[in-house]
Participant: 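Got a structure here, written out as structure tokens. Questions coming.
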Amino acid sequence: MQRHLITGGAGFLGSHLCDRLVERGEDVLCVDNFFTGDKRNVAHLLGNSRFELLRHDVTFPLYVEVDRIFNLACPASPVHYQHDPVQTTKTSVHGAINMLGLAKRVKARILQASTSEVYGDPEIHPQPEAYWGRVNPIGFRSCYDEGKRCAETLFFDYFRQHRLEIKVVRIFNTYGPRMHPNDGRVVSNFIVQALRGEDITIYGDGTQTRSFCYVDDLIEAMLRMMDTPADFTGPLNIGNPGEFTMIELAERVMSLVGGRSKLEFRPLPADDPRQRQPDISLAKQAIQWEPKVALDDGLRETVSYFKTLLSK
Ligand SMILES: NC(=O)c1ccc[n+]([C@@H]2O[C@H](COP(=O)([O-])OP(=O)(O)OC[C@H]3O[C@@H](n4cnc5c(N)ncnc54)[C@H](O)[C@@H]3O)[C@@H](O)[C@H]2O)c1
């Protein structure tokens with residue numbers, strides 16, 4: 001049995017990861033400062049003797065005995081990471097340094113939740129791991145994008161310099177139950193607006209595309225990545241290559257929710273990438289993984305979660 005530390009464990013992805021590990025009968029220490037995470041996401045695990053919850057900010061060092069670290073702490077949506085951009089960079093960079101330092105001390109294997117944002121506004125489509133990206137270093141999104149890029153650098157330097165067992169996954173847009181209702185991410189935005197009977201906001205002309213991975217598929221990939229042989233570091237793209245325009249997504253949400261919402265178009269925010277789609281060839285080969293959940297099925301689960309949440 002392994003002892004796992006999950007930073008950002010009370011957030012959207014982190015809480016699903018806690019669920020899966022506890023289900024597997026493993027020990028989980030969930031660490032979170034509750035900036036965007038919520039105790040309610042893990043409340044159902046609190047009575048379980050395999051599960052512990054600790055309020056802690058990863059920009060400060062942490063001393064605990066663990067075998068594996070999943071480093072997820074970092075606000076993931078633009079509204080939240082732009083709220084305090086300096087803290088966002090600190091969370092990615094100081095957080096990575098603190099968690100890598102811990103991994104080195106206790107000889108733990110460590111996985112970094114990186115992001116497709118490291119590719120910026122890409123010239124190559126879909127994006128393979130070998131692509132270095134096209135990122136603005138001084139824009140409003142840079143605190144997140146460059147923070148995550150620097151965290152990747154630190155992971156690979158600890159790997160080369162200190163022979164740490166590292167794993168880096170680059171996560172593409174993921175959605176599902178426990179997303180934050182006000183985080184401005186497109187799936188939660190559309191669903192919440194449709195459920196409230198409000199018009200659905202589309203930035204730009206709505207022809208820009210995104211790919212959407214359901215949370216269960218994503219967590220499966222993260223767990224498989226953590227179990228890969230010691231010399232496999234990644235970076236590894238994980239996401240769903242199925243591509244949809246914003247207008248298509250809005251129409252699917254409206255057909256699931258019903259109601260009378262209309263589309264409302266607004267100007268595109270700065271540095272918003274036109275297209276983003278993972279090349280998952282490496283994931284197929286290295287972890288024998290590809291997403292299984294169809295968009296409509298994932299959206300149905302997510303709509304049902306938000307319906308309950310909004311009715312409370
Ligand atoms: N969801 C996605 O589509 C997506 C895509 C790419 C990358 N990621 C990455 O996956 C990770 C989890 O994302 P998520 O969607 O679950 O977001 P989230 O905001 O729900 O979760 C992040 C968690 O980290 C916590 N946190 C933030 N700063 C912290 C700090 N300084 N110390 C301790 N905890 C802190 C938050 O309270 C929250 O619980 C993030 O690192 C994010 O960058 C997510």
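Source: prediction; values computed, not measured. As the structure lists them, so they are numbered: ligands from 1, and atoms in each ligand from 1. In this chain, numbering begins with 1 at the start of the sequence shown.
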Participant: Determine whether the side chain, the backbone, both or neither of T91 has a heavy atom under 4.0 Å from any heavy atom of ligand 1.
Facilitator: side chain
Participant: Output the list of atoms in ligand 1 that are nearer than 4.0 Å to some heavy atom of G11, sorted by atom number.
Facilitator: 20 (O), 21 (O), 38 (C), 39 (O)
Participant: Side chains of Q127 and D279: any donor to acceptor distance under 3.5 Å?
Facilitator: no
Participant: Quick one: sort the H80 and H180 rings into parallel, tilted or perpendicular, breaks at 30° and 60°.
Facilitator: perpendicular
Participant: Which residue and atom name correspond to the protein heavy atom nearest atom 12 (C) of ligand 1, and how close is it?
Facilitator: L72 O, 3.6 Å
Participant: Could R3 and E26 be called an ion pair, given the rule that one side-chain N must be under 4.0 Å from one carboxylate O?
Facilitator: no
Participant: Backbone or side chain, does any N or O of N71 fall under 3.5 Å from an N or O of ligand 1?
Facilitator: no
Participant: I need the atoms of ligand 1 closer than 4.0 Å to a non-hydrogen atom of A73, numbered in the order shown.
Facilitator: 24 (O), 33 (C), 34 (N), 35 (C)
Participant: With heavy atoms under 4.0 Å as the rule, classify the contact between K148 and ligand 1 as side chain, backbone, both or neither.
Facilitator: side chain
Participant: Quick one: sort the H162 and Y158 rings into parallel, tilted or perpendicular, breaks at 30° and 60°.
Facilitator: tilted
Participant: Counting non-hydrogen protein atoms only, what is the nearest one to atom 32 (N) of ligand 1? Give residue, atom name and distance.
Facilitator: V58 N, 3.0 Å
Participant: Before accepting this row, confirm whether a basic side-chain N of the pair E220/R224 lies closer than 4.0 Å to the acidic partner's carboxylate O.
Facilitator: yes
Participant: Kindly identify the option in S114, A113, A76 whose heavy atom sits closest to atom 7 (C) of ligand 1.
Facilitator: S114
Participant: Assess whether atom NE2 of H125 is packed by more than 12 heavy atoms of other residues, nucleotides or ligands within 6.0 Å.
Facilitator: yes
Participant: Give the atoms of ligand 1, by number and element, whose distance to some non-hydrogen atom of G8 is under 4.0 Å.
Facilitator: 23 (C), 24 (O), 25 (C), 39 (O)
Participant: Do me a favour and list the nearest non-hydrogen protein atom to atom 22 (C) of ligand 1 with residue, atom name and distance?
Facilitator: C74 O, 3.2 Å
Participant: For atom 31 (N) of ligand 1, grab the closest protein heavy atom and report residue, atom and distance to one decimal in Å.
Facilitator: D57 OD1, 2.9 Å
Participant: Between R185 and ligand 1, which residue portion shows a heavy-atom distance shorter than 4.0 Å: side chain, backbone, both, or neither?
Facilitator: side chain
Participant: Tell me whether Y175 reaches ligand 1 (any heavy atom closer than 4.0 angstrom to a ligand atom).
Facilitator: no
Participant: I'd like to know whether ligand 1 has T7 as a neighbour, heavy-atom separation below 4.0 Å.
Facilitator: no
Participant: Would you mind checking which non-hydrogen protein atom is closest to atom 44 (C) of ligand 1, with the distance to 0.1 Å?
Facilitator: L13 CD1, 3.7 Å
Participant: Indicate whether the side chain of S211 and that of E243 have a donor and an acceptor atom separated by less than 3.5 Å.
Facilitator: no
Participant: So between F12, Y81, Y144, F212, whose heavy atom ends up nearest atom 8 (N) of ligand 1?
Facilitator: Y144
Participant: Run through V186, I191, V187 and flag the one making a side chain to side chain contact (heavy atoms under 4.5 Å, CB included) with V253.
Facilitator: I191
Participant: Whether E117 and R141 form a salt bridge (side-chain N of Lys/Arg under 4.0 Å from carboxylate O of Asp/Glu) is what I want to check.
Facilitator: yes
Participant: Considering only heavy atoms of N173, which atoms of ligand 1 have at least one such atom less than 4.0 Å away?
Facilitator: 3 (O)
Participant: With a cut-off of 4.0 Å, which atoms of ligand 1 are near a heavy atom of F34?
Facilitator: 37 (O)
Participant: Take atom CZ in R24; do more than 12 heavy atoms of anything else shown fall under 6.0 Å from it?
Facilitator: yes
Participant: Ignoring hydrogens and geometry beyond distance, is a side-chain donor-acceptor pair present between R170 and Y119 at under 3.5 Å?
Facilitator: yes
Participant: So, D199 and S261: side-chain donor and acceptor under 3.5 Å apart, yes or no?
Facilitator: no
Participant: Is it true that D296 and R252 make a salt bridge, defined as a side-chain N closer than 4.0 Å to a carboxylate O?
Facilitator: yes
Participant: Check each of I6, V187, I171 against atom 6 (C) of ligand 1 and report the one with the nearest heavy atom.
Facilitator: I171
Participant: Under a 4.0 Å threshold between the charged nitrogen and the carboxylate oxygen, would D19 count as salt-bridged to R178?
Facilitator: yes
Participant: Please identify which atoms of ligand 1 are closer than 4.0 Å to at least one heavy atom of H56.
Facilitator: 32 (N), 33 (C)
Participant: Any non-hydrogen atom of A10 lying under 4.0 Å from ligand 1?
Facilitator: yes
Participant: Under 4.0 Å from any heavy atom of Q87, which atoms of ligand 1 are there?
Facilitator: 31 (N)
Participant: Please state which protein non-hydrogen atom is closest to atom 18 (P) of ligand 1 and give its distance, to 0.1 Å?
Facilitator: T36 OG1, 3.7 Å
Participant: For the pair K292 and D217, find out whether any cationic side-chain nitrogen is under 4.0 Å from an anionic carboxylate oxygen.
Facilitator: no
Participant: Between F34 and K39, is there a cation-pi geometry (under 6.0 Å to ring centre, at most 45° from the normal)?
Facilitator: yes
Participant: At what distance is the nearest protein heavy atom to atom 26 (N) of ligand 1, and which residue and atom is it?
Facilitator: N33 OD1, 3.3 Å
Participant: Of all the non-hydrogen atoms in the protein, which one sits nearest to atom 37 (O) of ligand 1, and at what distance?
Facilitator: D32 OD1, 2.6 Å
Participant: Distance under 4.0 Å to a non-hydrogen atom of G37: what atoms of ligand 1 satisfy this?
Facilitator: 36 (C), 37 (O), 38 (C), 39 (O)
Participant: Report the part of R178 (side chain from C-beta onward, or backbone N, CA, C, O) that has a heavy atom under 4.0 Å from ligand 1; answer both or neither where that applies.
Facilitator: neither
